[in-house]
Amino acid sequence: MIDPEFFARRAAEVAPDLIGHLLIVGETGGIIVETEAYEPGDPASHSFGGPTLRNQSMFGPSGHCYVYRSYGLHWCMNIVCRPGHAVLLRALQPTHGLDVMAVRRGTQTEKALCSGPGKLTVALGVDKSHDGLPFDGHSISLIAPSFPLSPVQSVRIGISRAVDLPWRWYVAGSPWLSRKS
DNA sequence: CATTTGATGTCCT
DNA sequence: GGACATCAAATGC
């Protein structure tokens with residue numbers, strides 16, 4: 001399991017370190033290949049402006065989930081770092097339970113199973129009921145890579161505020177990203 | 001191929 | 001009422 005100290009840092013420090021970790025939810029999972037950091041004081045972050053009913057998990061214990069509804073219909077999954085900080089999981093390389101994920105996603109094309117924040121929650125079966133749950137190896141696990149990767153740093157995607165903050169990290173050339181880079 | 005559009009939860013003004 | 005950390009299908013070149 002991951003040292004709790006790993007999560008109790010700034011989101012912008014945790015996000016690149018999460019690249020290469022194996023995320024397991026139930027019988028499905030994959031390797032994290034794309035993340036984004038959101039911090040307090042960051043106008044694009046849900047924690048900007050303090051706690052609300054919706055974002056309260058973002059101010060809860062580090063190393064837990066923050067799951068929210070995006071655009072009224074998609075679930076998005078974050079890992080909470082220190083209070084008000086969270087890392088959005090944007091894409092996975094599918095490794096576990098591909099058949100189950102394909103059924104949930106209703107697609108045959110393996111490269112599109114987890115290639116986006118709204119897609120990977122469907123593939124993993126994550127929804128509001130996972131909000132606030134810990135990555136403790138019970139229903140949700142996180143396993144460190146055997147060797148560190150060197151992700152590429154870039155600007156975030158799909159936001160309209162603080163668009164210049166270079167807080168997106170991804171595995172260069174990976175075919176599993178939410179968009180080609 | 002690129003661009004537009006529809007689905008509609010939760011928070012903010 | 002409007003904005004939004006999105007996706008897939010429809011439409012237009």
Side-chain angles (χ1 to χ4, degrees), chain A residues 7 10-19 21 23 25 28 30 32-60 62 64-94 101-133 135 151-171 174-181:
Chain A
F7 296 109
R10 291 185 52 181
E13 293 179 28
V14 176
D17 290 349
L18 277 173
I19 300 289
H21 279 65
L23 171 67
V25 181
T28 56
I32 298 171
V33 296
E34 182 178 349
T35 59
E36 285 180 0
Y38 290 88
E39 301 196 346
D42 162 16
S45 171
H46 288 173
S47 58
F48 187 75
T52 67
L53 197 58
R54 173 213 206 187
N55 67 16
Q56 58 183 339
S57 307
M58 234 176 139
F59 295 88
S62 61
H64 287 224
C65 273
Y66 167 45
V67 178
Y68 70 92
R69 177 85 75 173
S70 173
Y71 288 89
L73 49 161
H74 300 292
W75 296 110
C76 292
M77 187 182 198
N78 299 251
I79 301 176
V80 178
C81 305
R82 67 166 68 154
H85 293 242
V87 175
L88 172 66
L89 303 180
R90 289 193 55 90
L92 305 178
Q93 172 183 341
M101 293 197 283
V103 170
R104 286 174 179 160
R105 288 272 296 110
T107 180
Q108 311 278 7
T109 57
E110 184 191 330
K111 283 195 273 300
L113 281 182
C114 302
S115 58
K119 297 177 186 176
L120 72 86
T121 53
V122 171
L124 297 177
V126 167
D127 60 25
K128 185 70 176 170
S129 70
H130 295 79
D131 187 33
L133 290 184
F135 288 79
V152 178
Q153 184 173 10
S154 182
V155 293
R156 294 177 291 184
I157 287 177
I159 57 174
S160 55
R161 291 183 293 227
V163 293
D164 293 330
L165 283 174
W167 282 356
R168 171 178 177 245
W169 289 266
Y170 59 93
V171 177
S174 169
W176 318 101
L177 301 176
S178 64
R179 67 174 69 168
K180 270 191 159 178
S181 303

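Note on naming: letters A, B, ... go to the chains in the order of the sequence lines (proteins, then strands), and numbering restarts at 1 for each one. Computed from heavy atoms alone, side chains included, the values below leave out hydrogens, waters and symmetry copies.
For residues 64-84 of chain A, every residue pair satisfying the side-chain hydrogen bond (donor to acceptor under 3.5 Å, both in side chains) rule, not counting sequence neighbours, is listed here: His46(A)-Tyr66(A). Residues in residues 111-133 of chain A take part in these salt bridge (charged side-chain N to carboxylate O under 4.0 Å, His left out) pairs, two or more places apart or across chains: Lys128(A)-Asp131(A).
Side-chain contact check for Thr35(A) versus Leu89(A): some heavy-atom pair is nearer than 4.5 Å. A heavy-atom distance below 4.5 Å is found between the side chains of Thr28(A) and Arg104(A).
Applying the side chain to side chain contact (heavy atoms under 4.5 Å, CB included) rule to Val126(A) yields the partners Val25(A), Val67(A), Met77(A), Thr121(A), Leu124(A), His130(A); only residues at least two apart in sequence or on another chain are considered. Scored by the salt bridge (Lys or Arg N to Asp or Glu O under 4.0 Å) test, Arg54(A) finds no partners at all (sequence neighbours excluded). Looking at residues two or more places apart in sequence or on another chain, you find a side chain to side chain contact (heavy atoms under 4.5 Å, CB included) between Ser174(A) and Val33(A), Val171(A), Trp176(A), Leu177(A). With sequence neighbours excluded, the residues forming a side chain to side chain contact (heavy atoms under 4.5 Å, CB included) with Arg156(A) are Glu36(A), Tyr38(A), Asp42(A), Ala44(A), Ile159(A), Ala162(A), Leu165(A), Trp167(A), Arg168(A), listed by chain and number. When the side chain to side chain donor-acceptor pair (under 3.5 Å) test is applied to Arg10(A), the partners found at least two apart in sequence or on another chain are Glu39(A).
At a threshold of 4.0 angstrom between heavy atoms, the contacts of Ser160(A) are confined to the sugar-phosphate backbone, with no base atom among them. In this structure, Ile159(A) reaches the sugar-phosphate backbone alone: every heavy-atom distance under 4.0 Å involves primed, P, OP1 or OP2 atoms, never a base. Within the 4.0 angstrom heavy-atom criterion, only backbone atoms of the sugar-phosphate kind lie near Arg90(A); the bases stay farther away.
Of all the residues in residues 65-75 of chain A, Arg69(A), Gly72(A), Leu73(A) reach under 4.0 Å from DNA chain B with at least one non-hydrogen atom. Less than 4.0 Å separates DNA chain B from at least one heavy atom of each of the following residues of residues 44-58 of chain A: Thr52(A), Leu53(A), Arg54(A).
With rounding to the nearest 0.5 angstrom, the CZ atom of Arg161(A) is 9.5 Å from the OG atom of Ser45(A). Once rounded to the nearest 0.5 Å, the distance linking CZ of Phe59(A) with NE2 of His85(A) reads 9.0 Å. In this structure, CZ on Arg90(A) lies 13.5 Å from SG on Cys114(A), to the nearest 0.5 angstrom. Atom SG in Cys76(A) sits 8.0 Å away from atom CG in Leu120(A) (nearest 0.5 Å).
Listed by first residue number, the stems of DNA chain C with at least three Watson-Crick or G-U pairs below 3.5 Å are B:1-7 with C:6-12, B:9-12 with C:1-4.
In summary, contact between chain A and DNA chain C, defined as any nucleotide atom under 4.0 Å from a heavy atom of the protein, begins and ends at dC4(C) to dA8(C) in the 5' to 3' direction. Running 5' to 3' along DNA chain B, contacts with non-hydrogen atoms of chain A at under 4.0 Å begin and end at dA7(B) to dC12(B).
Rounded to the nearest Å, the gap between the P atom of dT5(B) and that of dC13(C) is 12 Å. Nucleotides dA5(C) and dT13(B), compared at atom P, are 15 Å apart to the nearest Å.
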Residue pair Trp169(A), Leu18(A): steps toward the side chain to side chain contact (heavy atoms under 4.5 Å, CB included) verdict | CA-CA 9 Å; Trp169(A) 289 266; Leu18(A) 277 173; over 6 Å; no
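Judged by distance alone, with hydrogens and angles left aside, the side-chain atoms of Arg105(A) form a donor-acceptor pair with the main-chain N or O of Leu113(A) at under 3.5 Å.
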